[in-house]
Amino acid sequence: MQTSSVPLTVDDIVRLRRKKQTVQFGFYFILFILVLWSIQATVIDDTDWERIGSLADIGKSVSHFIGIDFALIPNLLGPTIETFMIACIGTILGLIICLPAMWFGALNVTPYKPITYPLARIAMTLSRSIHEIVWALIFVSAVGLGAFAGILAIAVRSLGFIAKMSAEAIENIDPKPVEAIRAMGGSNLQVMLYGIMPQVLPVILGIVIFEWEINIRRSAILGLVGAGGLGLVFFRQMNTFNYPGVTTVILAIFGLIVVGEITSHYSRKALN
Amino acid sequence: MAILEVSELRSRYSSRGPEILKGISFEVEEDDFFAIIGPSGAGKSTLIRCINRLIEPTSGSINLHGIDVLSLNATELRKMRRHIGMIFQEFNLIDRMSVMDNVLSGRLGYVGAIRSIFRTFNNHDIQRALELLERVGLQDHVDKRADQLSGGQRQRVGIARALMQEPNLLLLDEPTSALDPKISREVMQLIRTIATELKVPVLCNIHDVQLAKEFCNKIIGLQDGIKMFDGPTPSLDQSSLDEIYSMEVL
């Protein structure tokens, strides 16, 4: 074995490069085998090929969805408004339940660190780790079918994101105004209202508007599990094999989301 | 008669950390404009924050208007703090609020919870805030947001806010460090004029010795948490300055 102080020869370099290339080749080969195996296990074995039939059959199935069911349009207005309202009320309710969570979850203002901080962080993680459909299922079984279950699901699902981002905003404030209000004899409430809120309010509003936009998407599908709105119409059209009706609902959802995105874009711009 | 008596004040940030103040004693009289000078890291900011207990000293005593400051509970401390105006190096204004709201916030110590939520201050307070803003020369900027002002203007808002508290002691923490030399003089001049007018004693951290000599009648010099000099301004000569700043010369 040569010591490292001896300069490498051409042969050494060629040998090292070949070794590296062999390792690389081995890595990609194993990766390729793994991908093949996943396709075999999940797609080839697990698909009902007889049901799919030929390529033409696939085209035929998809073509069912082409077209718009104009008769359905008058019946969509109510559910569209309902979906929109579920998103709005759910976000507002979410913001209200977020207030204690962001207060407890920000290290610099949390009232009693060993208890309140972990409590808030667990609530935030729980909210995000459970899918909105699952939250909706839980609330449908708790308060019954309809928009109220959807609102609760949206509110609880919003907590994770709004509270986490807002708590981080509170942790990143400039401490100087806080010091000034302490120095003039301000109470903890006044420190919160005058030292912290003016700094974080625009940030929190931006986060809430962003979450509201996402909540429009979420509330559009909650009806699949009976929590009201456009999802419920979608579910009925699918069950009655009215494929143009399904397309119509999808277009309504698309329109609503575009409206939400535009509103969100301009209102967040206006904040700055 | 001494308004503020500080004796044997010691402070450290953590139980094992270094001692920042190593037994400081001094007295501020009724008509004093009192300067604390010394190199960076000497403990000037810590000392001034111990007076209103933004930093808790580890031992010693502070007596303000006959009240033992270190024995106060949280409520009593808040009551006492509302009579101590503080002016900061970086102004410490609430940037997103108007100049008027910033000045009015000086009354927060006197305002209850409900009224502070809705930012309702009584007409008398608003009248007084207007007068103070005129006094510091900002009558044309009442409705501007605080972050739209220049440095010198921002410090004037800070002065008006401190005066809004109707203070019986003013603490100044490097009030001119963020300002240019000309504005610095104007700001110091303004503070001295108003302090004399309202008969408020001033305790001022300042690293600019020239400014201290110009505006203050008494000076203490700190070095590494120890008082190296204490006396009326004329008695501060080159040798005592050399002693205070000896660490820096090295």
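Protein chains get the first letters and strands the later ones, always in sequence-line order, with residue 1 at the start of each. It should be emphasised that the depicted structure is a prediction, and the values quoted were computed from it without experimental measurement. Worth knowing before you read on, the calculation uses all heavy atoms, side chains too, and leaves out hydrogens, waters and symmetry mates.
Taken to the nearest 0.5 Å, the CG atom of B:L108 stands 13.0 Å off from the CZ atom of A:R182.
For B:D95, no part lies under 4.5 angstrom from a heavy atom of chain A. Contacts between B:R107 and chain A at a heavy-atom distance below 4.5 Å are absent for every atom of the residue. Proximity to chain B (any heavy atom under 4.5 Å) is shown, for A:L201, by neither the backbone nor the side chain. Only the side chain of B:R96 comes within contact range of chain A, with heavy atoms under 4.5 Å apart. At a 4.5 Å heavy-atom cutoff, the contact between B:I117 and chain A is made by backbone and side-chain atoms alike. B:L54 touches chain A through its side chain: at least one heavy atom from C-beta onward sits under 4.5 Å away, while N, CA, C and O do not. Heavy atoms of B:R53 lying under 4.5 Å from chain A are absent altogether.
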Handout entry: Test side chain to side chain contact (heavy atoms under 4.5 Å, CB included) applied to A:M184 and B:M164, step by step
Key = CA-CA 10 Å; A:M184 63 181 69; B:M164 200 64 197; over 6 Å; no
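Between A:Q190 and B:R78 the shortest side-chain heavy-atom distance falls below 4.5 Å. B:F88 has its side chain out of reach of A:K176: every pair of non-hydrogen atoms, C-beta onward, lies at least 4.5 Å apart. A:I181 is listed as a side-chain neighbour of B:I94, based on a closest heavy-atom distance under 4.5 Å.
A 6.0 Å sphere centred on CE of A:M165 holds no more than 12 heavy atoms belonging to other residues, nucleotides or ligands. Residue B:D143 qualifies as open at atom CG: its count of foreign heavy atoms under 6.0 Å is 12 or below. Other residues, nucleotides and ligands contribute over 12 non-hydrogen atoms within 6.0 Å of the OH atom of B:Y110. Other residues, nucleotides and ligands place more than 12 heavy atoms under 6.0 Å from the CZ atom of B:F26. Environment of CE in A:M192: crowded, with over 12 heavy atoms of neighbouring residues, nucleotides or ligands closer than 6.0 Å. For CD of B:Q148, the number of neighbouring non-hydrogen atoms (other residues, nucleotides, ligands) closer than 6.0 Å is greater than 12.
Between chain A and the residues B:A162, B:S116, B:G109, the most heavy-atom pairs under 4.5 angstrom are made by B:S116. The candidate from B:M80, B:M86, B:K79, B:R161 with the greatest count of non-hydrogen atom pairs under 4.5 Å with chain A is B:R161.
Of the possible donor and acceptor atoms, none in the side chain of B:R81 sits under 3.5 Å from a partner among the backbone N and O of A:G186.
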